[in-house]
Amino acid sequence: MFLITGATGGLGRKIVRLLREREMPVRSFVRLMSRYGELEHRGAEIFIGDLQGEKDIQKACRGVKYIISAHGSDGNAQALDYRSNIELIDRAKENGVTHFVFISVLGADRGYEDAPTFKAKREVEKYLQASGLNYTILRPSGFASNLLPLAEQFRQTGIYLLVGDPKNRTSIVSTDDLARIAVDSISTQGARNQILPVGGPDILTRSDIPRIFGRIFNQEPIVINPPLLLFDGVRSALGLFNPGAGKSIGTLRTLLANEFFCTTHDIANLESIFNLKLETLESFLRRYLGV
């Protein structure tokens, strides 16, 4: 039995779908008000619970052999990125789980003090490494599926908002490839007890993204490129009225200000370990946008 947290999210849903296509038993950890009908239709067992509740995590882990932690934090990094994963790891040990896959983030080890999500995920990485469990830690550089709403907006307006340095590099991974890598980590010897950066096959600049949109929709992009200082001003103003909110967007600021890409060696290593050819961002977008 696989336990998947974040099962109704963009990545978690694909992981559940892939496991069910392979006829593997899956328990999907979902919230009461989430849309889990598709997962149930595919034959996944639905566990309705709260990842901030220790008893719910304890119940969800019973009879589980593998765990893939794919949930996000919804702005509450301490509770969901950190505490819930620590509890999952402890219950995994208690229940004899044989492999734990943790979806972290590229750059978690860089010490970004202003990014609560990065700090929380790095602490979980270290806890998992010291737990005695077999593990795979995946550090994706960004999900291609997150660009789909931006692409649809571009389709309507031709406008792309690019905050910060357009020369910053990225290597966005196909969310389908990431789901496959997460699932295959369980049975792939080369992934056991490894931390693996995960990105797409191309190192792109952030300015390449509106160019890709332009090619897909056959229109010249209108790029609006406000400086990061403008974002900082908005964040400071927000912090005056809501200090918690100003602090919580530190992770977004970190993402906007820095480069997150995998090296060609990282990608070659990933393709070799999992025996796959990673999909380009443009190919992923064309598939999902029907263009």
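These numbers were taken from a predicted model, which means no experiment stands behind them.
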Quick one: do [X] and [Y] make a salt bridge, cutoff under 4.0 Å?
{"X": "Glu38", "Y": "Arg17", "value": "yes"}
{"X": "Lys59", "Y": "Asp56", "value": "no"}
{"X": "Asp114", "Y": "Arg253", "value": "no"}
{"X": "Glu87", "Y": "Arg83", "value": "no"}
{"X": "Lys119", "Y": "Asp81", "value": "no"}

Distance alone, cut at 3.5 Å: any donor-acceptor contact between the side chains of Asn134 and Tyr66?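 The criterion, which ignores hydrogens and geometry beyond distance, is not satisfied for Tyr66 and Asn134.
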
Neighbour count above 12 (heavy atom, 6.0 Å) for [X] [atom1]:
{"X": "Arg31", "atom1": "CZ", "answer": "no"}
{"X": "Glu21", "atom1": "CD", "answer": "yes"}
{"X": "Glu54", "atom1": "CD", "answer": "no"}
{"X": "Arg35", "atom1": "CZ", "answer": "no"}

[X] (side chain) donor-acceptor with [Y] (main chain) under 3.5 angstrom:
{"X": "Arg139", "Y": "Leu196", "answer": "no"}
{"X": "Ser34", "Y": "Tyr36", "answer": "no"}
{"X": "Thr136", "Y": "Val101", "answer": "no"}
{"X": "Ser69", "Y": "Phe102", "answer": "no"}

Picking from Arg169, Arg206, Lys167, what satisfies side chain to side chain donor-acceptor pair (under 3.5 Å) with Glu259? Arg169

Quick one, Ile181 with Thr188, criterion side-chain contact (heavy atoms from CB on, under 4.5 Å). Give me CA distance, side-chain angles, the key distance, then yes/no. CA-CA 9 Å; Ile181 288 167; Thr188 302; over 6 Å; no

Glu271: salt bridge (Lys or Arg N to Asp or Glu O under 4.0 Å) partners, not counting sequence neighbours: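 Salt bridge (Lys or Arg N to Asp or Glu O under 4.0 Å) list for Glu271, sorted by chain: empty.
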
Listed by chain and number, what are the side chain to side chain contact (heavy atoms under 4.5 Å, CB included) partners of Lys93, not counting sequence neighbours?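 Per chain and number, Lys93 pairs via side chain to side chain contact (heavy atoms under 4.5 Å, CB included) with Ser131, Leu133.
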
Could you please spell out the steps behind the side-chain contact (heavy atoms from CB on, under 4.5 Å) verdict for Phe29 and Leu3? CA-CA 7 Å; Phe29 197 123; Leu3 173 65; 4.2 Å; yes

